[in-house]
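Read through the structure below, which is laid out as structure tokens, and then see the notes.
For ligands, and for the atoms within them, numbers begin at 1 and follow the listed sequence.
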Amino acid sequence: MYAQMVDTGLRKLRDAAELSPEERAFQARIDADVKVEPKDWMPEAYRRTLVRQIQQHAHSEIVGMLPEGNWVTRAPSLKRKAILMAKIQDEGGHGLYLYSAAETLGVSRDDLIADLHAGKVKYSSIFNYPTLNWADIGAIGWLVDGAAIMNQIPLCRCSYGPYARAMVRICKEESFHQRQGFDIMIAMAQGTAEQKAMAQDALDRWWWPSLMMFGPPDADSVHSAQSMQWKVKLLSNDELRQRFVDQTVPQAEYLGLAVPDADLKWNAERGHYDFGAIDWSEFHAVLKGNGPCNRDRLRTRVKAWEDGEWVREAAVAHADKRAARAARAA
Ligand code: BYC
């Protein structure tokens, strides 16, 4: 149990004997499921791991608003438009809870956002794919939010208190998002032949990128061993991916849609679906900035930040004036 990695980026865990007394006590608290709180002592690598993961997660929520925002003005009805706007607003809120959780670790939101805009840190690969038709909005809710929930429900039990608590509300909202996506897919799959074809096309394009959301295979995951030791991650990338496939294939069958994988097959012995090989070269290309929409997503985020500068400055000036007025009155 008492083993830690020498450095994040290496896969070798240290033996208990190699840990300092503080590190041993820290790991013992984690093993006993005691939450770590901001003012508690923590190994510097634990803090860095959390800042990395939480900020990647926060950036994903904010960038994740963009592919959906593309469809607000083209939603097929007022009801669908209102629902989509509420969902996108929820994603913005998730980003804010997560930036706040990261700030408890001694970093500033402005610095995290500057790193995103400079391309120094990642956000989820999935948001570098385009939304080409309305069925894509259904597929995002069904598959992308479905994958997100699969990954994030266990994070409600992760070792860092502020992150775990933020995840509780996020997961509740994500589960509505998943249902609204499935509702769109039902409407389209049961609609005209043309609508059903759009739903199938969306599933064909979003299936494999959704499986990539869970990250590289366990054997290639540089951070998993240490993150699981620290309960920053509760389940491995491959375990979560398998759970997602097992949960989603029957849903596709219910919709009457075909999962685009010739090797997909129920394995009674394992009690799981076997599925085909993932094209990891595509995943790595997207991570390197060469996905279909990487440049566009960052350009849009930077522009939104710059366009909003006067609002942030006005809010600070207003707060300063109020504080000065209150000080004069006191
Ligand atoms: N995309 O050692 P590994 C959402 C990176 S939000 C991009 O396995 P780890 C949603 C990884 O960061 C979705 N990068 O890493 C929002 C690492 O690079 P760095 C986001 C990826 O951290 C709005 C390297 O590959 N969810 O769902 O142990 C609307 C090696 O990987 C990806 C979260 O952030 C990827 N897919 O595991 C709807 C949840 N996968 O950092 C939905 C919290 C891996 O060394 N995060 N990388 O430069 C996690 O659970 C984990 O961080 C991951 C990766 C499973 C994502």
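Shown are M150, R241, R243; of these, the side chain to side chain contact (heavy atoms under 4.5 Å, CB included) with L235 is made only by R243. Between H57 and the options Y163, Y99, Y123, a side chain to side chain donor-acceptor pair (under 3.5 Å) holds for only Y163. The side chain to side chain donor-acceptor pair (under 3.5 Å) test with K87 is passed by exactly one of Q180, E68, E173: E68.
Residue-to-ligand polar distances keep D145 apart from ligand 1: every N/O pair is separated by 3.5 Å or more. Every N/O-N/O distance between S60 and ligand 1 stays at or above 3.5 Å. Taking only nitrogen or oxygen atoms, main chain and side chain alike, M213 reaches within less than 3.5 Å of ligand 1. Taking only nitrogen or oxygen atoms, main chain and side chain alike, V144 does not reach within less than 3.5 Å of ligand 1.
For K122, every heavy-atom contact with ligand 1 shorter than 4.0 Å involves the side chain, none the backbone. Residue-level proximity to ligand 1 for Q152 is carried by the side chain, the only part with a heavy atom below 4.0 angstrom. Counting heavy atoms under 4.0 Å from ligand 1, residue K233 touches it through the side chain alone. Only the backbone of F214 comes within 4.0 Å of ligand 1, counting heavy atoms alone; no side-chain atom from C-beta on gets that close. Within the 4.0 Å heavy-atom criterion, neither part of S227 lies near ligand 1. At a 4.0 Å heavy-atom cut-off, ligand 1 touches E91 through the side chain alone. Under 4.0 angstrom from ligand 1, the non-hydrogen atoms of Y123 all belong to its backbone. Using a 4.0 Å cut-off between heavy atoms, N151 contacts ligand 1 through its side chain alone, with no backbone atom that close. Of the heavy atoms in V286, none comes closer than 4.0 Å to ligand 1. Of the heavy atoms in V121, none comes closer than 4.0 Å to ligand 1.
Residues Q56 and H59 form no side-chain contact, since every pair of their non-hydrogen atoms from C-beta on lies 4.5 Å or further apart. Side-chain contact between L298 and L116: present, with at least one pair of heavy atoms (C-beta onward) separated by less than 4.5 Å. The shortest distance between side-chain heavy atoms of P209 and V286 does not fall below 4.5 Å.
I88 and F182 fall into different hydrophobic clusters, where Ile, Leu, Val, Met, Phe, Trp and Tyr residues are linked whenever their side-chain heavy atoms come under 4.5 Å apart, directly or through other members.
The 12-atom threshold is not exceeded at CZ of R169, counting heavy atoms of other residues, nucleotides or ligands nearer than 6.0 Å.
Taking each of M212, H223, Q53 in turn, the one with a heavy atom nearest to atom 45 (O) of ligand 1 proves to be H223. Considering only non-hydrogen atoms, atom 33 (C) of ligand 1 lies nearest to H57 out of R52, H57, Q55, Q226.
Put simply, the side chain of D274 never gets that close to the backbone of N267: no donor and acceptor are under 3.5 Å apart. Remark: side-chain polar atoms of T131 are not paired, donor with acceptor, to backbone N or O of D136 under 3.5 angstrom.
Heavy atoms of P216 come nearer than 4.0 angstrom to ligand 1 in at least one pair.
Counting only heavy atoms, the protein gets under 4.0 Å from atom 10 (C) of ligand 1. Atom 53 (C) of ligand 1 is not flagged as protein-proximal [any protein heavy atom, distance under 4.0 Å].
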Given side chain to side chain contact (heavy atoms under 4.5 Å, CB included), test Y160 with Y46 step by step and report yes or no. CA-CA 10 Å; Y160 189 56; Y46 174 84; 3.5 Å; yes
